[in-house]
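Small disclaimer: the values here were computed from a predicted structure and weren't measured. Heavy atoms only: backbone and side chains are in, while hydrogens, waters and symmetry mates are out. We're numbering straight along the sequence, starting at 1.
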Amino acid sequence: MTQAASSVQHTAERDLSLVYTPERTVFYTPSGPATGYDLLHAAHKLARHLPDCPVVSLCQDIWSFTVLFLAVVLRGQYLLLSSDRTVSRLTDLAQDYGAVCVALENDLPTEGLPPNSLVLPIGARQTVSQDGVHLPANPVIDSAQLVAVVFTSGSSGQPVGHRKHWGALVERSCVARDLLDPEQAPATAVGTVPPYHMYGFETLVLQAIHTRGRTTTGPCAYPADWQALLERSPAPRILVTTPLQLRSLLRANLAVPHIARVISAAAPMDMAVAHEAELTLTAPVMEIYGATEIGSVAMRHTTQTPLWQLYKGVVLEVAGEDASISAPGAPAFPLSDFVEPLPERHFKLIGRKSDIVKLAAKRTSLAALNTVLLAVPGVMDGAFLAPKENQSGALARMQVFAVAPDLSAEQIMQHLREQLDPAFLPRRVVLVEAMPRNSVGKLTVQALRQLAAQEADGVQLGTLCVSPDHPCLPGHFPGQPVVPGVVVLEEGLAQAKGAPTHILQVKFMQPVLPGQQVVFFLKTEGARARLTGRVGGNTVLRATFRVAHA
């Protein structure tokens, strides 16, 4: 954290100290306000237990996350931050970077711990004062020190890591504060987003340790949690959220204290939701435009203007359909959006390049299609999925998934027929219980493709793994054993728990080797069923058969 902002000029060439002011309230926790001394004291204690290597943070609570982040900085190391919280992803991340996964005893992840994780004590939060207590030094952190590698969500491809240096983060925090926290009194941020995503990292963690801003911590999974956080926070309050979570809060119809402003990011804000939020919460709804590569770079008042205003020091350059953006302490990077530059540091966002869909010599955007879908009365969530690039002809059709408990698929399809060009209509609408959104409400292409594959395959049944000493292998084939197809088929049919009345077709797509695990899926439509066997992402068996009616 930095010394008093009014007396320090933050430049990339300066060394920057860690604590803003020792007496300043940095966090509001369930047990009371925590000051800069509390934070630094806990970080120093934790740093003594950390190894000298990068750290994958498993923390979910903002206070715990921040203590671990600063402890890692004190060790001269850096955090690895991924919004994909699956055990396999975090394990791979640690292996790729020679890092260790770290959780704190009071903040264990609900998803489980990756192998070889460290679980460290943080101790109860204690108020630390100067009276008779040895306080750790307020260290100086070199502005060039690498302190984090933050990974993109992979919403349009594979996640990519981006390096964050201390000085650049301080610079960006101070620039953003004027727009995030313009009130005369310091505001308190209440977040519904996690600290390990760039959006939450910037607004809830870095603002608290780099500027006058404060953050309230505690459980934040449900609207009732957000209500409790707001009630514990002193005014003026800033709600840091996403469009999906803002909709959830409005539907919960909870009484909340006055909010000075709502900040939203991570997905486009629906105009109807923004208007409803301003009417219900009596607070302006502001959107942040940014990217993991560079952080937040612009803001707009959603209901008042379609134009975005660039932060101070941010430079937008446009050449034809291509644009790049740069900011203090961050190199220029190419935008994935079409933008139109306008006077007085404004620009208009046209749409994502990857959003453009071309079918039957016509084109539109996924954003426009999703807007039509979400406007259907009764549709709570949903999305269009474009066909793969290598698909053509009859295969090149849109897919639609929707969460709509009170509607039928045909009712939704009828609304779509009235609004969309036939070229962009799906064959059918698939109703699901929930969309596979990540922790900040994003739908990645990979998650939608996986949902489509699951819907096509049906219900997962079980697995088969034939050991090398299985009696079916000798003679099939000598020196190069292959699991007989009939063994795979019979096991799959057995797991389907219903003898077929007539097998219509069987295809063995590729050999199954001893030790490989086959996962079976079953999809039924009336008296017809399809059995699929997969090894990894590859289909090894596909069989269709008739079944007797129950």
Side-chain angles (χ1 to χ4, degrees), residues 60 62 65 81-85 89 148 150-157 159-162 164 172 176 179-180 189-207 215 220-223 225-226 229 238-250 261-274 277 284-302 308 311 325 333 335-337 339 349 351-352 354-355 365-367 370-371 374 380-383 403 434-448:
Q60 302 172 104
I62 297 169
F65 178 96
L81 304 182
S82 170
S83 56
D84 183 345
R85 308 302 287 174
R89 169 59 178 159
V150 187
F151 287 81
T152 58
S153 63
S155 56
S156 57
V160 177
H162 294 274
K164 306 296 178 181
R172 303 305 309 287
L179 294 173
L180 293 170
V190 174
T192 67
V193 297
Y196 45 77
H197 186 276
M198 190 64 193
Y199 173 37
F201 186 44
E202 278 192 311
T203 53
L204 303 176
V205 176
L206 298 180
Q207 280 293 314
T215 298
C220 61
Y222 304 104
D225 296 331
W226 310 334
L229 291 174
I238 298 175
L239 179 63
V240 178
T241 189
T242 68
L244 188 67
Q245 292 166 322
L246 184 58
R247 287 176 63 179
S248 298
L249 179 63
L250 295 173
R261 60 173 43 197
V262 176
I263 303 292
S264 177
M269 172 67 71
D270 182 84
M271 189 62 70
V273 175
V285 174
M286 316 294 291
E287 280 187 277
I288 287 177
Y289 177 83
T292 302
E293 295 88 339
I294 199 169
S296 59
V297 294
M299 183 178 284
R300 71 173 178 179
H301 187 169
T302 307
W308 296 88
Y311 289 4
I325 204 159
F333 86 102
L335 289 179
S336 300
D337 298 310
V339 299
L349 180 62
R352 291 186 70 84
S354 60
D355 260 6
S365 71
L366 286 173
N370 289 336
T371 297
L374 295 174
M380 300 175 64
D381 197 6
V403 179
M435 298 297 290
R437 295 184 179 274
N438 65 15
S439 54
V440 289
K442 282 192 175 183
L443 279 171
T444 66
V445 173
Q446 292 90 335
L448 281 174

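Of all non-hydrogen atoms in Val285 and Ala274, the two that sit nearest each other are CG2-O, 3.8 Å. Across all their heavy atoms, Arg172 and Tyr311 have their closest contact at NH2-CD2, 4.3 Å. Across Ala189 and Thr203, no two heavy atoms sit closer than the pair CB-O, 4.3 Å. Closest approach of Glu202 and Gly295 over heavy atoms only: OE2-CA, 3.5 Å. The shortest heavy-atom contact between Val262 and Thr241 is CG1-CG2, 3.9 Å. Residues Ala383 and Asn370 approach most closely at CA-OD1, 3.3 Å, considering heavy atoms.
You'll find the side chain of His162 stays beyond 4.5 Å of the side chain of Val150, heavy atoms only. No side-chain heavy atom of Thr215 sits under 4.5 Å from any side-chain heavy atom of Gln207. Using a 4.5 Å cut-off on side-chain heavy atoms (C-beta onward), Leu229 and Cys220 make contact. Between Phe151 and Val160, every side-chain heavy-atom pair lies at or beyond the 4.5 Å cut-off. In this structure the side chain of His197 never reaches within 4.5 angstrom of the side chain of Leu81, judged on heavy atoms.
Ion pair Arg437/Asp381 flagged as a salt bridge, since at least one NZ, NE, NH1 or NH2 atom sits closer than 4.0 Å to an Asp/Glu carboxylate oxygen.
Atom CD1 of Ile263 sits about 6.0 Å away from atom CD1 of Ile238, to the nearest 0.5 Å. Taken from CG in Asp270 to CG in Leu244, the straight-line distance is 11.5 Å, to the nearest 0.5 Å. Interatomic distance, CZ of Arg89 versus OG of Ser83, reported as 8.5 Å (0.5 Å rounding).
At least one donor-acceptor pair closer than 3.5 Å links the side chain of Glu287 to the backbone N or O of Met269. For Ser296 (side chain) and Gly290 (main-chain N/O), no donor-acceptor pair under 3.5 Å exists by modelled atom type.
Of the residues Leu239, Val240, Leu204, Asp225, the one that meets the side chain to side chain contact (heavy atoms under 4.5 Å, CB included) test with Thr192 is Leu239.
The aromatic rings of Tyr289 and Trp308 sit tilted relative to each other, their planes meeting at an angle between 30° and 60°.
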